[in-house]
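Below is one structure, written out as structure tokens, with a few remarks after it.
Proteins come first, then strands; the chains are lettered A, B, ... in the order of their sequence lines, and each starts at number 1. These numbers come from a predicted model, not from an experiment.
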Protein chains: 2
Amino acid sequence: MRIGELAARAGTTTRTLRYYESRGLLPARRGENGYRTYDEDDLRLLRQIRTLQDFGFDLEETRPFVECLRAGHPEGDSCPASLVVYRRKLAELDTLIEQLTSVRAQVGAQLARAEAAVPGGPEPKCELGGHG
Amino acid sequence: MRIGELAARAGTTTRTLRYYESRGLLPARRGENGYRTYDEDDLRLLRQIRTLQDFGFDLEETRPFVECLRAGHPEGDSCPASLVVYRRKLAELDTLIEQLTSVRAQVGAQLARAEAAVPGGPEPKCELGGHG
DNA sequence: TCTTGCCTTGACGCCCGCGTCAAGGCTTAC
DNA sequence: GTAAGCCTTGACGCGGGCGTCAAGGCAAGA
């Protein structure tokens, strides 16, 4: 299979595949005409990468999973190095979610305070004259 | 006050202030020698910008707050345009937190599944021989 | 043979909020 | 006078994951 077909089957682009290859993540064999050649295993690796990318993993973070698959393991996370990445990611996510939740609370409080100070804020269609 | 002092008092850098000016966010008067000149009001504007930046607001999103202060209002969020930004930000935060929470759950599930499949994963120092 | 459509490499663009360096001018203290 | 330390503008770099164009090679059908 050539690069265009692989890209289509994985729902990505040829540019992306060349980029992965440039990063050493998904090297390709070459046909006699110089075209990149891929097989079903490459598709599996690519899908592993894409899944993790969709989760917000950096490209580098997908490397252990790819290497794990390439080493013949049944899943990309069948290797300790992948689990390390999982755990680090979980910690990052927890920290991030905590921070965002804190920010959300602060922004929400600011909004509530500001709305209370502005006439017509919470219920803009009532008491237009503001005589009450 | 000149740019260095303002930067120091706001806990930022001169480069940042020039950048804000280039974006039209924090224009400066000029002394006869060409030096930028700021006053205490500029410091207030700058602190408003920095606070929102710390909350993860884009620079453009701070503009209504800055203009509100510059218009003479007591707070940057004393204007409707600022409240719009607040509400939009809250919605963005909610969406993002939701997505991250979902990802966290999926990654956590993947980790649990992978750990269950790998001997020595959850408790690496026990049963080295794995005879149990 | 010509066209169409795939493929190749190379290289610049984008986003965003600055960091950092360059080359020079002004000010101030000694 | 001169050195230090502030200021000026201009311009390139960075990180990440590609998009997009350029210029050309190769393959297959009419």
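Using a distance-only test at 3.5 Å, with no hydrogens or angles considered, a donor-acceptor pair links the side chain of B:D39 to the main chain of B:D41.
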Quick one: which protein N/O atoms are closer than 3.5 Å to N/O atoms of nucleotides 13-18 of chain D? Pair and distance per line, please.
residue : atom : partner : partner atom : Å
D:dG17  : OP1  : A:L59   : N            : 3.1
D:dC18  : OP1  : A:R50   : NH2          : 3.0
D:dC18  : OP2  : A:Y20   : OH           : 3.0
D:dC18  : OP2  : A:R50   : NH2          : 3.2
D:dC18  : OP2  : A:Q53   : NE2          : 2.7

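Put simply, CZ on B:R63 is 11 Å from P on C:dG17, counting in whole angstrom units. We find that CZ of A:R29 is positioned 13 Å from P of C:dT8, with the value rounded to whole Å. For the pair B:E32 CD and D:dC7 P, the interatomic distance rounds to 17 Å; values are reported in whole Å. What separates CD of B:E61 from P of C:dC16 is a distance of 10 Å, to the nearest Å. Atoms CG (B:L26) and P (C:dC18) sit 12 Å apart, rounded to a whole Å. Residue B:R18 contributes atom CZ, which lies 10 Å from atom C1' of D:dC6 at whole-angstrom precision.
At a threshold of 4.0 angstrom between heavy atoms, the contacts of B:R36 are confined to the sugar-phosphate backbone, with no base atom among them. A:R30 comes within 4.0 angstrom of the backbone, heavy atoms only, and of no base.
What you find for B:T14 and B:I3 is that their closest heavy atoms are O-CD1, 3.7 Å. Here the closest heavy-atom approach between residue B:R47 and residue B:R9 is recorded as NH2-O, 3.1 Å.
Each of A:Y35 and B:R2 has a nearest nucleotide on DNA chain D; the 5'-most of these lies closest to B:R2.
Residues B:E98 and B:D94 fail the side-chain proximity criterion, which asks for heavy atoms closer than 4.5 Å.
Taken from OG1 in A:T95 to CD in A:E92, the straight-line distance is 8.0 Å, to the nearest 0.5 Å.
When the side-chain nitrogen and oxygen atoms of B:N33 are compared with OP1 and OP2 of D:dT8, none of them lie within a distance under 4.0 Å.
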